[in-house]
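Below is one structure; the comments refer to it alone.
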Amino acid sequence: MEQEPRNDNWNNNWNNGPQQPHQPVVIVGEQDPYANRRNSNMSAISLVTGILSIVLFWVPWLTFILAVIGLITGIVSLVQHRDGHGVAVAGVITSGIGLLIALVIGLLFLLAFAMVV
């Protein structure tokens with residue numbers, strides 16, 4: 001048994017004459033408000049890799065890789081206007097700091113190696 005949509009005025013206005021049940025209104029082109037909602041996973045990845053690139057500064061090649069991943073995911077998150085704008089900005093900043101640290105430590109290693117040889 002399939003139930004018809006019920007109109008609250010159906011029973012209340014029976015004395016005024018029978019009325020047709022209320023039909024749902026469908027607006028053509030209406031979208032689900034959550035359909036375009038984008039998550040903040042990329043901005044969180046950017047922040048985590050940026051923080052790790054700063055914490056793991058003594059391994060320059062790992063710091064460089066993590067910082068580049070953090071910069072890329074943070075910038076993509078900002079360009080695509082995803083949720084978590086502030087987290088993405090923080091991820092880009094920490095990744096930039098990690099990249100600078102990796103470059104400085106890498107240059108210090110190269111200078112130390114050049115002085116030994």
Side-chain angles (χ1 to χ4, degrees):
M1 255 191 304
E2 190 173 333
Q3 270 188 332
E4 294 284 328
R6 184 172 175 210
N7 186 354
D8 290 337
N9 293 328
W10 176 266
N11 292 330
N12 295 339
N13 293 328
W14 184 255
N15 295 335
N16 297 337
Q19 297 177 352
Q20 295 297 322
H22 174 71
Q23 296 295 322
V25 177
V26 177
I27 300 173
V28 178
E30 182 180 11
Q31 294 181 350
D32 182 20
Y34 300 108
N36 291 331
R37 185 170 184 226
R38 297 181 175 173
N39 57 21
S40 60
N41 290 344
M42 290 187 78
S43 56
I45 290 171
S46 173
L47 183 61
V48 169
T49 55
I51 291 171
L52 285 176
S53 68
I54 293 173
V55 171
L56 300 174
F57 69 90
W58 65 86
V59 187
W61 59 271
L62 182 62
T63 301
F64 181 79
I65 291 171
L66 288 172
V68 169
I69 291 171
L71 278 174
I72 291 171
T73 55
I75 291 171
V76 168
S77 178
L78 289 173
V79 169
Q80 291 182 351
H81 301 289
R82 293 178 177 259
D83 291 342
H85 178 78
V87 176
V89 170
V92 169
I93 291 171
T94 55
S95 297
I97 292 170
L99 186 62
L100 287 175
I101 290 172
L103 292 176
V104 168
I105 298 291
L107 286 175
L108 288 175
F109 279 157
L110 286 176
L111 285 175
F113 183 71
M115 294 181 93
V116 170
V117 174

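- In this structure, L56 CG and F64 CZ are separated by 15.5 Å, a value rounded to the nearest 0.5 Å.
- Between I69 atom CD1 and S46 atom OG the span is 10.5 Å, to the nearest 0.5 Å.
- Distance alone, capped at 3.5 Å, is enough to place a donor-acceptor pair between the T63 side chain and the V59 backbone.
- When every heavy atom of D83 is checked against every heavy atom of S77, the shortest pair comes out as O-OG, 4.5 Å.
- A donor-acceptor pair is defined here as one N or O able to donate and one able to accept, closer than 3.5 Å; no such pair exists between the side chain of S95 and the backbone of V92.
- Residue A67 comes nearest to S53 through the heavy atom pair N-CB, 3.8 Å, listed as atom of the first residue, atom of the second, then distance.
- Interatomic distance, I51 CD1 to L66 CG, rounded to the nearest 0.5 Å: 11.5 Å.
- Shortest non-hydrogen contact noted between P60 and A102 is O-CB, 3.8 Å.
- Linking Ile, Leu, Val, Met, Phe, Trp and Tyr residues whenever their side-chain heavy atoms come within less than 4.5 Å leaves M115 and F109 in two separate clusters.
- The shortest heavy-atom contact between V76 and M42 is CG1-CE, 3.4 Å.
- Under a hydrophobic-cluster definition in which Ile, Leu, Val, Met, Phe, Trp and Tyr are linked whenever side-chain heavy atoms come within less than 4.5 Å, directly or via other members, L100 and L107 are assigned to different clusters.
- Residues L111 and F113 do not share a hydrophobic cluster, defined by chaining ILVMFWY side chains whose heavy atoms lie under 4.5 Å apart.
- Transitive grouping of hydrophobic side chains (ILVMFWY, heavy atoms separated by less than 4.5 Å) keeps I45 and L47 in distinct clusters.
- No chain of hydrophobic side-chain contacts below 4.5 Å, direct or via other Ile, Leu, Val, Met, Phe, Trp or Tyr residues, connects L110 to I65.
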